[in-house]
Amino acid sequence: MANKTLGLDQNLYQYIQGVSLREVEVLQQLRKETQRHPMAIMQIAPEQGQFMALLVQLMGAKKTLDIGVFTGYSALVIALALPADGQVIACDIDEKTTKIAQEFWEKAGVSHKIDLCLAPALESLDKLIAEGQNNTFDFAFIDADKSNYDNYYEKALWLVKPGGLIAVDNVLWGEKVADVEIQDNRTKKIRKFNEKLYQDPRISLSLLPIADGLTLALKK
Ligand code: CA
């Protein structure tokens, strides 16, 4: 896992950040707060957050899903990019980290746009499907436990509308996916997931080497 863009030398990375990263203060504060957490590396890279915010704006997205909240950076960066009547349904099971998330959503003045579902994400997604919310979401971000990536993807594919976008984080998994010697379970799952999407006719596909690898799947 990596929370900066892989494969760039430090000098070039810093240059890119220096001429393009426009991380607003509340996001900077959340990043600082998250640094104290032992799993801080789970936070998305700021350049990735900014890119996703741009996608959401580009699409004119209103209804979005955030699967895997952690301390709330992705939900916050998306909520800030959404119009006033935009919505993020944010799924996570961790009461402690989502408490930090909620504090910062409040601080940023966007908590009214974010509905936190504190339950296993598969259950929350099943509930949305059961409620008939299929084909209603514009954007979904998958960044939760890697063992369930395929399940999250299948459910997100029900929930987003045709022309809607699913973004999937950590698909390069700290470069491990490309090393055939590495055969641990999570690496194998991500590799298999990437191969599945490559063959999936239901989507248009792009895998970007931004941060730890971000797959974009546009539902046809
Ligand atoms: Ca991630």
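We're numbering straight along the sequence, starting at 1.
- A salt bridge (Lys or Arg N to Asp or Glu O under 4.0 Å) check over residues 34-45, counting only residues at least two apart or in different chains, returns the pairs E33-R36.
- Every ring-ring contact (aromatic ring centres under 6.0 Å, His included) that H37 has, sequence neighbours left out, goes to F70.
- For D200, the salt bridge (Lys or Arg N to Asp or Glu O under 4.0 Å) partners two or more places apart in sequence, or in a different chain, are R202.
- Qualifying ring-ring contact (aromatic ring centres under 6.0 Å, His included) partners for F51, counting only residues two or more places apart in sequence or in other chains: none.
- Applying the salt bridge (Lys or Arg N to Asp or Glu O under 4.0 Å) rule to D126 yields the partners K155; only residues at least two apart in sequence or on another chain are considered.
- For the salt bridge (Lys or Arg N to Asp or Glu O under 4.0 Å) condition, the pairs that include at least one residue of residues 85-99, sequence neighbours left out, are K62-D85.
- Applying the ring-ring contact (aromatic ring centres under 6.0 Å, His included) criterion to F141, with sequence neighbours excluded, gives no partner residue.
- Listed by first and then second residue, the salt bridge (Lys or Arg N to Asp or Glu O under 4.0 Å) pairs involving residues 50-61 amount to none (not counting sequence neighbours).
- By the side chain to side chain donor-acceptor pair (under 3.5 Å) test, N194 is found to be paired with no residue, residues two or more places apart in sequence or in another chain being considered.
- Connectivity analysis of hydrophobic side chains (ILVMFWY, heavy atoms under 4.5 Å, direct or indirect) links Y13 to L8, L12, I16.
- Applying the salt bridge (Lys or Arg N to Asp or Glu O under 4.0 Å) rule to K196 yields the partners D150, E154; only residues at least two apart in sequence or on another chain are considered.
- Applying the salt bridge (Lys or Arg N to Asp or Glu O under 4.0 Å) test to E47 and every residue at least two apart in sequence or in another chain returns nothing.
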